[in-house]
Amino acid sequence: MDLTFHSFQPLGFSLPEPIKELERIAMNFYWSWQPDGVDLFKSIDPVLWDKSEQNPQRFLADVNQLRLWQIANDVDYVHKVRAFTAKFDTYTSSIADDIENGPSKTNPVAYFCAEYGIHNSLPIYSGGLGILSGDHLKSASDLNVPLVAVGLLYRYGYFRQKIAHDGWQEENYTNIFNAGLAIEQVFDASGNHVKVMVHIRGREVWSQAWLVKVGRIKLYLLDTNVNENSEIDRMITGHLYGGNTETRIVQEKVLGIGGVRLLRKLGIAPSVFHLNEGHSAFLTLELVHEYLAANPNASFDEAHEAMRKQCVFTTHTPVAAGNDAFSTNELYSCFDKNFISGLKLTDQQFFGLGRINPGNIEEPFGMTPFALRMCRTANGVSEKHGEVSRGLWIDMYSENMEPNDVPITFVTNGVHAPTWVAPGYQSLYEKEIGPDWAKIVNDRTAWESAVDRISDSAVWEHHVNLKNLLIAFIRERTRSKEIGTQDTINERRDTRKLFSPDVLTIGFARRVAAYKRWNLLLSDLNRLLKMVDDQQRPVQFVFAGKAHPQDRTAKAILQELMSINHESNWQKRAVFIQDYDQEVARYLVQGVDVWMNVPRRPLEASGTSGMKAAMNGALNFSVLDGWWIEGYNQRNGFGIGELEVEADEQMDSEDAESLYSTLETKIIPTFYSKGEGGIPHEWIAMMKNSMATLTHQFSSDRMVKDYIERIYRVSQ
């Protein structure tokens, strides 16, 4: 199909000719993982850049005309614009590489996910799954992998968090279209907005298509807020993970079935459909329908066998309760009867596709069993998670099958180094390793050798600068004009003396949920405050994270953290940063000394925030679960507890003791042990070991290469 693209919200005026290319640069998120790209916008007006939440569209619209003409007449700035434009054009104009026995330019990977964390200025993500998918697209772009992505455009995104004076989380939703988005409408050759239709709840529901450019990768998003739809159907793509289970079903129909129909309308013929989590698994039903339409005499089993050769599935959830499961009544009410009969299945055969035991009519329809049944390969997101998943779903397979024979493998997650490594460290790498340092990351031996050659003083200098930047950010974000009757760790009257760059700083930022064990650190408050109050070797903590709006238990955990107000230094050595997003995460992972993670084993599928911290020299202090089992070598961070899984209460008690004792006997003494030049050489040796060993191993470039070699290729 011949397509045209138009920006959703043009600036409303033209930039001065010498800097006009900024308009085009702003419409592709390539700028966001290039320090010189970020600097093009930020250097115009750093205060306004932060005020606009690093959104180039909104930012350029708000810069006053005088300032625009000033920079248009700044020879050095105009040269930077032209140099970046040339780099950008060279990068985006290269054609994707065909992969032997795998995806190609004409038959790419189609990557489906319910959320994408490309950048905080496009708020269609809630957490780890979205950040992972965003990094996957960026690495696919850098590696020139033939890949196209599909998702949903949520008009109100995920909620914005505010902590009330009593410590209770409040949620606010804003229309993301009001902020200006770097997205484009997709039009066909006749000038019509490209739309697809899916039958939902007995009605024709239309979705319009939008395009997000992520370097060389095209991300298509579907949005049901169109005039043809009723008000309730226009809100299908209203909120990310909002509404009830019926809302989830219809969202997942739009994503899966609508996503395949969109690709067909765009003339894209994928060789591989990658289901990143089970939310998009209904796409397999559309592929069955397509096969049966082309082969009317074929059976469902024949269609299923042909279809599943094209589909691969990644599961991210290590507990059955965390996977989407729907009652058959809810499912039936959302599907058109003709759609089910068109599969050449009875209703019960259809429901059985999503059951561990297809014949158990009491069992709900689970999206993970469904995806496992409909895809040629399945993988967890760490070696341990693959093992856990095989045990979790073994009942779907032969009674005599051993757990290790269950056909679920693993590809360990990774993060996109150019996005998450601080610009200061990137400059250091360019100086010490070379301008192509991001490519050298992919060579383990070369990378480890290169990092080892960097001097201790250079590493420490950059770390201290980043730590001071974090502290300045903390002081700014926790200063409040409207506070309750007393200061709390998220709002203060005076932040000028809050935190010190000389104090050991521990970061803990993640979704607030019971299994994440936010309260483990608080289980012996007196012991904790003794460390915080130590005159010679104190500790300070920075927290961030959101509780799901409907999870009152998680909100209570957060409120407990907010309510601590003992006669101690806690109030000046502990902070909570509201509204955790990618921008907050960057400050935290780049500026803390230690990154802490204490989930209950084995419920951490992988985790990626610690990988980002490691790439910036922070030392992980984590339970041995998820990715840390693979990364920990006893010289690049610290472990909490053992590998064995105990009863919850016993494990919590043992892990709390391990946490406190490791802090007291290992982390604190090592950090405060200063040597020649007044710097902690033993600590820096661990920092360099972390950067050397973990940056390569947990790079999303490595992850995407693993998907190509082990998942996307078809064995011959």
Side-chain angles (χ1 to χ4, degrees), residues 109-116 125-130 132-133 136 149-152 198 222 240-241 243-260 272-288 304 307-308 310-328 330-331 334-335 350-358 363-382 385-386 388-397 406-411 413 548 603 605-606 707 711:
V109 175
Y111 185 91
F112 280 68
C113 193
E115 54 174 299
Y116 289 89
Y125 65 95
S126 72
L129 178 67
L132 184 281
S133 62
H136 193 112
V150 178
L152 299 178
V198 179
L222 289 172
L240 172 60
Y241 301 145
N244 54 22
T245 52
E246 183 179 303
T247 304
R248 294 291 289 272
I249 295 171
V250 296
Q251 282 186 342
E252 293 176 10
K253 285 191 68 176
V254 172
L255 173 61
I257 298 171
V260 172
V272 179
F273 290 84
H274 184 169
L275 287 63
N276 191 42
E277 194 52 281
H279 306 119
S280 61
F282 290 138
L283 74 84
T284 61
L285 300 178
E286 181 66 9
L287 298 181
V288 169
H304 175 226
M307 174 280 305
R308 71 188 300 271
Q310 304 174 69
C311 297
V312 300
F313 169 52
T314 298
T315 175
H316 292 259
T317 311
V319 289
N323 294 267
D324 278 346
F326 308 121
S327 74
T328 53
E330 287 178 316
L331 202 65
C334 295
F335 271 88
F350 170 65
F351 296 142
L353 294 175
R355 292 169 174 156
I356 296 174
N357 178 0
E363 187 181 336
F365 185 100
M367 295 300 282
T368 297
F370 177 53
L372 290 170
R373 194 166 273 124
M374 301 297 280
C375 294
R376 77 167 190 241
T377 68
N379 68 275
V381 289
S382 69
H385 180 229
V388 170
S389 296
R390 289 190 291 274
L392 191 62
W393 304 110
I394 190 171
D395 289 345
M396 287 186 59
Y397 303 93
V406 173
I408 301 176
T409 183
F410 74 95
V411 174
N413 282 345
H548 189 281
L603 304 183
S606 176
Y707 273 108
I711 305 297

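Keep in mind it's a predicted model, so treat the numbers as computed, not measured.
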Going by distance alone, is a donor N or O of one side chain under 3.5 Å from an acceptor N or O of the other, for Thr284 and Gln310?
-> no

Nearest heavy-atom contact between Phe365 and Phe350 is CE1-O, 3.6 Å

Parallel, tilted or perpendicular: rings of His274 and Tyr707 (30°, 60°) = tilted

Check whether the side chains of Asn379 and Thr314 place a donor and an acceptor atom closer than 3.5 Å, and report yes or no.
-> yes

Grab the two heavy atoms, one from His316 and one from Leu132, that are nearest each other, plus how far apart they are.
-> CE1-CD1, 3.9 Å

Could I get the full list of salt bridge (Lys or Arg N to Asp or Glu O under 4.0 Å) partners for Glu286, not counting sequence neighbours?
-> Arg261

Minimal non-hydrogen separation, Gly259 against Val150, with atom names = CA-CG1, 3.8 Å

side-chain contact (heavy atoms from CB on, under 4.5 Å) between Gln251 and Leu152: does it pass, once the steps are laid out?
-> CA-CA 8 Å; Gln251 282 186 342; Leu152 299 178; 4.2 Å; yes

Counting only N and O atoms by type, is there a donor-acceptor contact under 3.5 Å from the side chain of Ser327 to the main-chain atoms of Pro364?
-> no

Please test Asp324 against Phe370 for side-chain contact (heavy atoms from CB on, under 4.5 Å), starting from the C-alpha separation and ending with a verdict.
-> CA-CA 10 Å; Asp324 278 346; Phe370 177 53; over 6 Å; no

Tell me, do Glu277 and Phe313 make a side-chain contact under 4.5 Å, heavy atoms counted?
-> yes

Answer with yes or no after comparing the ring centroid distance for His548 and Tyr241 against a 6.0 Å cut-off, counting only values under it.
-> no

For Cys334 and Ile249, work out which heavy atoms get closest and say how close.
-> CB-CG2, 3.7 Å

Smallest heavy-atom separation, Gly380 atom then Ile408 atom, equals N-CG2, 4.1 Å

Using the ring of each side chain (for Trp, its six-membered ring), is Phe273 parallel, tilted or perpendicular to Phe112, with breaks at 30° and 60°?
-> tilted

Report the C-alpha distance between Thr409 and Ile711 in whole Å, list the side-chain angles of each, state the deciding distance to 0.1 Å, and finish with yes or no for side-chain contact (heavy atoms from CB on, under 4.5 Å).
-> CA-CA 10 Å; Thr409 183; Ile711 305 297; 4.2 Å; yes

Do the side chain of Lys253 and the main chain of Val198 share a donor and acceptor less than 3.5 angstrom apart?
-> no

Distance-minimising heavy-atom pair for Cys113 and Leu255 = O-CD1, 3.8 Å

Does the side-chain contact (heavy atoms from CB on, under 4.5 Å) test come out yes or no for His279 and Glu252, once each step is laid out?
-> CA-CA 6 Å; His279 306 119; Glu252 293 176 10; 3.3 Å; yes

Residue pairs passing the side-chain hydrogen bond (donor to acceptor under 3.5 Å, both in side chains) test where at least one lies in residues 363-378, sequence neighbours excluded | Asn323-Thr368

